Colleague: 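Supplied in structure tokens, the structure appears directly below.
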There are 2 protein chains.
Amino acid sequence: MQRATRRRTVILELLEESAQFLGAQQIHRVLADRGQAMALATVYRALQALTDSGDLDVLRSEEGEHLYRRCPRRDRHHHLVCRACGAAVDLPGGPVEDWVAGLAREHGFVAVTPVVEFHGLCASCLEARGPR
Amino acid sequence: MQRATRRRTVILELLEESAQFLGAQQIHRVLADRGQAMALATVYRALQALTDSGDLDVLRSEEGEHLYRRCPRRDRHHHLVCRACGAAVDLPGGPVEDWVAGLAREHGFVAVTPVVEFHGLCASCLEARGPR
DNA sequence: GTCGATGCAAACAGTTTGCAACCAC
DNA sequence: GTGGTTGCAAACTGTTTGCATCGAC
């Protein structure tokens, strides 16, 4: 069973107050800057545990890094994520899942896990970096 | 400019005759088994070049590995991929892209790149591994 | 002959793991 | 006290890169 240790609480709190998706290394750095340093391996293990227990949402950035977030909605959903700052908009999961469910059945596929993510640039990041 | 070298031709031919998505390491291994061994770095560079020129489709497996395939359809589309053998069914790209385009505009996101993939188990792999 | 392609080995990024010390329950 | 948790360092996976050599045009 999972224990309520100081480290994990700190990580969860950081994600709680962040509306953005954060990477493990980034979390590690932020905590160090705040004087709450811990081993990188601990961050990875905590994020893994918290994800397994369903407390966190994960997605992979375009560079292949795992990004984590405490999502307000607990049900299956998708994300429109800013590739610059990690800000995300939650999108309903229903339409796409229904669409693929029919296709999967039709083609004899089972145990289908949808990976539906949209990476873009949010309004404030676009403005911040100015016209291309 | 890209040159028509022996190595790249061999790689393209292998993908031409395969209906499945293959990983770089897997391609490297298959070619070695066929007596057409080449450096792993060469495989990576060739796949990169072929992808940049639009000759190959890429996607990331659930483990984060890049998988490549020569797709019959040249337009933007999605895939229903078997996580065991790499076999894939092409899905139309339109519906999902239209859906997200509206949402992106609505939330001020630009330059949105959709990542829409479905990983499952195809009928023959399900049968091969028997009941769970 | 020129410039891209290749092999080899080393480097990299992100992540995982073995093991001893540690701490929550 | 027991069993999950942590730190540290080493290992691992997939991939990229520097550099000298080779080969296509």
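These figures come from a predicted structure and were not determined experimentally. Order of the sequence lines fixes the chain letters, A, B, ..., with proteins taken first and strands second; residue numbering starts at 1 for each chain.
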Colleague: Looking only at heavy atoms, what is the nearest atom pair of B:W99 and A:H78, with distance?
Modeller: CH2-CD2, 4.3 Å
Colleague: Report the distance from atom CG of A:L67 to atom P of C:dG14, rounded to the nearest whole Å.
Modeller: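 For the pair A:L67 CG and C:dG14 P, the rounded distance is 11 Å.
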Colleague: Considering only distance and modelled atom types, tabulate donor-acceptor pairs under 3.5 Å from the side chains of residues 46-54 of chain A, sequence neighbours left out.
Modeller:
| from | atom 1 | to | atom 2 | distance (Å) |
| --- | --- | --- | --- | --- |
| A:T51 | OG1 | A:L47 | O | 2.7 |
| A:S53 | OG | A:A49 | O | 3.2 |
| A:S53 | OG | A:L50 | O | 3.1 |
| A:S53 | OG | A:D55 | OD2 | 2.8 |

Colleague: Students should find this one: the first and last nucleotides of DNA chain D, 5' to 3', lying under 4.0 Å from a heavy atom of chain B. What are they?
Modeller: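 Footprint of chain B along DNA chain D, 5' to 3': D:dG14 to D:dC25.
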Colleague: Contact class for B:E63 (heavy atom, under 4.0 Å): base, sugar-phosphate, or nothing?
Modeller: nothing
Colleague: Output side-chain donor-acceptor pairs under 3.5 Å for residues 56-66 of chain A, partner residues at least two apart or in another chain, one line each.
Modeller:
| from | atom 1 | to | atom 2 | distance (Å) |
| --- | --- | --- | --- | --- |
| A:D57 | OD2 | A:H77 | NE2 | 3.3 |
| A:R60 | NH1 | A:H66 | NE2 | 2.8 |
| A:S61 | OG | A:E63 | N | 3.2 |
| A:S61 | OG | A:G64 | N | 3.4 |
| A:S61 | OG | A:E65 | N | 3.1 |
| A:E62 | OE1 | A:R83 | NE | 2.9 |
| A:E62 | OE2 | A:R83 | NH2 | 3.2 |

Colleague: Treating A:E117 as the side-chain partner and A:H79 as the backbone partner, does any N or O pair qualify as donor plus acceptor under 3.5 Å?
Modeller: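 Judged by distance alone, no pair lies under 3.5 Å.
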Colleague: Expressed as a whole number of angstroms, how long is the span from B:Y44:OH to C:dG7:P?
Modeller: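 To the nearest whole Å, that distance equals 15 Å.
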Colleague: What integer distance in Å separates B:Q2:CD from C:dG4:P?
Modeller: 12 Å
Colleague: Return the set of residues passing side chain to side chain donor-acceptor pair (under 3.5 Å) with B:R45 (not counting sequence neighbours), or none when no residue passes.
Modeller: none
Colleague: Give a yes or no answer on whether the side chain of B:S18 reaches the backbone of B:L14 with a donor-acceptor pair at less than 3.5 Å.
Modeller: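 The answer is no, because no donor-acceptor pair under 3.5 Å joins these two groups.
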Colleague: Taking DNA chain D as the partner, which of residues 9-41 of chain A come within under 4.0 angstrom of it by heavy atom?
Modeller: A:M38, A:A39, A:A41
Colleague: Using atom types as modelled and distance alone, determine if a side-chain donor or acceptor of B:E13 lies under 3.5 Å from a backbone N or O of B:V10.
Modeller: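 Checking the backbone N and O of B:V10 against the side chain of B:E13, no donor-acceptor pair under 3.5 Å is found.
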Colleague: A:H28 side chain to A:A24 main-chain N or O, any donor-acceptor pair under 3.5 Å?
Modeller: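 A pair under 3.5 Å: no.
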Colleague: Check whether any side-chain heavy atom of B:R8 sits under 4.5 Å from a side-chain heavy atom of B:Q2, and report yes or no.
Modeller: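 Side chain of B:R8 against side chain of B:Q2, heavy atoms only: contact under 4.5 Å found.
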Colleague: Without hydrogens or angle criteria, can the side chains of A:Q25 and A:Y44 be said to hold a donor-acceptor pair below 3.5 Å?
Modeller: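 Yes, A:Y44 and A:Q25 have a side-chain donor paired with an acceptor closer than 3.5 Å.
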Colleague: Is there a side-chain contact between B:V89 and A:F109 in this structure, where contact means two heavy atoms from C-beta onward sitting under 4.5 Å apart?
Modeller: yes
Colleague: Could you give the CD-to-C1' distance, from B:Q48 to C:dT6, as a whole number of Å?
Modeller: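 It is 16 Å, rounded to the nearest whole Å.
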Colleague: With 3.5 Å as the limit, what N/O pairs link the protein to nucleotides 21-25 of chain C?
Modeller:
| from | atom 1 | to | atom 2 | distance (Å) |
| --- | --- | --- | --- | --- |
| C:dA24 | N3 | A:R3 | NH1 | 3.3 |

